[in-house]
There are 2 protein chains.
Amino acid sequence: MSLPHAILTALLEKPSSGLELTRRFDKSIGYFWSATHQQIYRELGRLEAEGLIRTLPSPQPARGQKKSYEVLPAGRAELARWTAAAQDPKPLRDSLLLRLRAAAVVGTAGLEDDLRRHLGLHRRQLAEYREIERRDFPPDRDAPQDRIRHLVLRAGIDLETFWTRWLADALTDLTGPDGPGELPDDVPAPAEPPEN
Amino acid sequence: MSLPHAILTALLEKPSSGLELTRRFDKSIGYFWSATHQQIYRELGRLEAEGLIRTLPSPQPARGQKKSYEVLPAGRAELARWTAAAQDPKPLRDSLLLRLRAAAVVGTAGLEDDLRRHLGLHRRQLAEYREIERRDFPPDRDAPQDRIRHLVLRAGIDLETFWTRWLADALTDLTGPDGPGELPDDVPAPAEPPEN
DNA sequence: TGCAGCATGTAAGCGGTTACATGATTAC
DNA sequence: GTAATCATGTAACCGCTTACATGCTGCA
């Protein structure tokens with residue numbers, strides 16, 4: 001039950017229409033809670049039905065017509081309640097670790113390439129986060145609200161740092177210390193096609 | 001599409017029945033890909049229908065009767081294919097980070113307690129992983145297969161290390177440097193009731 | 001014989017994903 | 001006027017979660 005609260009948070013930061021929310025998810029909240037426009041429209045409908053948000057007064061809200069929402073007091077209260085409520089952390093679920101464990105049984109043939117690709121992706125994400133930090137959070141200048149947002153960004157940075165380190169270690173471990181050359185450490189890897 | 005491959009891996013490591021698999025998931029594979037017995041039974045049925053596994057010859061496989069499975073060559077081939085296939089990493093999805101971002105808007109009241117609880121949980125998980133490492137992976141003695149398993153365990157250890165550090169930082173940041181005392185650094189926190 | 005525990009399953013519901021449909025606005 | 005784009009939706013599917021149902025086995 002997190003998507004509705006993600007939307008409430010976004011709408012409190014700034015009243016928006018469905019598509020505007022989708023775009024803001026893509027570039028900010030989506031870094032730790034992604035959502036498609038279909039999810040968002042469905043959830044906006046539910047939140048409105050429950051009286052937590054309402055459409056901003058506008059000409060005629062019809063299909064194809066822009067429709068903006070704002071949070072009602074009940075919505076803010078629900079968000080505050082949810083934020084303070086105890087929730088257990090969800091257990092880790094990572095298919096790459098699973099593939100590695102499978103590789104211990106069926107062999108690592110072909111896996112190294114994808115590890116290298118992941119390393120590249122994580123390096124790029126890390127660079128993106130660092131750029132955001134440089135731009136939005138100049139040293140020792142965080143306002144109280146910004147302190148919290150900076151903290152969240154730090155989590156992203158540290159997680160990507162972990163992955164890049166761990167993947168680099170894994171590659172030297174799998175290909176052996178005398179294996180094929182690795183990528184130099186601070187250069188983002190070139191793009192390679194995903195697949196799946 | 002990871003659960004079937006998790007099951008194939010587990011069955012290759014050792015042929016098992018549904019309930020045995022469930023237990024092994026709880027204590028080993030489940031650390032990075034959890035599954036309930038209902039999921040496992042359903043998936044075993046599918047895998048058998050697809051000809052990737054088969055039931056071990058046994059008296060009479062009836063309801064309430066134990067039924068063990070083993071992997072067929074086609075199953076091993078499918079697992080090898082999947083292991084080597086390129087897959088994109090799934091974007092991060094963490095509700096705690098979401099709650100923190102919400103707290104930047106509606107206030108942090110009540111959130112600190114749950115952060116402390118999470119810190120305790122992650123410390124305990126970290127201790128558990130370290131104990132496994134101490135028991136199963138004595139220094140500089142890993143066989144080739146064990147090297148990979150050790151690598152996976154290392155990921156778990158490093159991830160929990162990240163969370164404990166980040167949560168500790170977050171708490172001192174939120175409660176202020178002069179806030180209420182934090183837990184000492186290497187003592188597992190006492191249990192507190194979950195809720196959700 | 002009756003009960004606790006083992007073992008296998010069924011059913012309903014929910015959130016997320018993918019593919020597709022439709023109306024309005026803008027640019028050429 | 002028509003094509004591209006903006007904007008809002010619908011529908012089908014799939015994996016995971018939760019609750020419940022059913023049959024066997026060992027033991028007091």
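Below, read A as the first sequence line, B as the second, and so on, with proteins coming before strands; counting in each chain starts at 1.
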Can you list everything that forms a side chain to side chain contact (heavy atoms under 4.5 Å, CB included) with B/His37? Sequence neighbours excluded, please. B/Thr22, B/Tyr41
Without decimals, in angstroms, what is the distance between A/Lys67 NZ and C/dG23 P? 15 Å
Looking at the side chain of B/Gln39, which of C/dA19, C/dG16, D/dT17 is the nearest nucleotide? D/dT17
Side chain to side chain contact (heavy atoms under 4.5 Å, CB included) filter on B/Ala10, not counting sequence neighbours, yields B/Leu21, B/Arg24, B/Phe25, B/Ile29
Interatomic distance, A/Lys66 NZ vs C/dG23 P [rounded to whole Å]: 21 Å
Could you work out, with side chain to side chain contact (heavy atoms under 4.5 Å, CB included) as the rule, every residue matching A/Arg23, not counting sequence neighbours? A/Leu19
Nucleic acid contacts of residues 40-53 of chain A, taken as heavy-atom distances under 4.0 Å to DNA chain C: A/Arg42, A/Arg46
Quick one: does A/Asp88's side chain get under 4.5 Å of B/Arg117's, heavy atoms only? yes
Basic-acidic side-chain contact under 4.0 Å: B/Arg46, B/Glu43: yes
The helix from C/dT1-D/dA28 to C/dC28-D/dG1: angle between end helix axes, five pairs per end, rounded to 10 degrees: 10°
Per the under-4.0 Å heavy-atom filter, residues of residues 15-33 of chain B near DNA chain C come out as B/Ser17, B/Gly18, B/Leu19, B/Arg23
Where does the angle between the aromatic ring planes of B/Tyr31 and B/Tyr129 fall among parallel (under 30°), tilted (30 to 60°) and perpendicular (over 60°)? perpendicular
Looking only at D/dT18, C/dG15, C/dT18, the nucleotide nearest the B/Gln38 side chain is D/dT18
May I ask you to say whether A/Asp114 pairs ionically with A/Arg99, meaning some side-chain N is under 4.0 Å from a carboxylate O? yes
Rounded distance in Å - CZ (B/Arg93) to C1' (C/dG16): 7 Å
Please give, in whole Å, the distance from C/dG23 C1' to A/His37 NE2? 14 Å
Grab the two heavy atoms, one from B/Trp33 and one from A/Asp94, that are nearest each other, plus how far apart they are. CE3-N, 3.8 Å
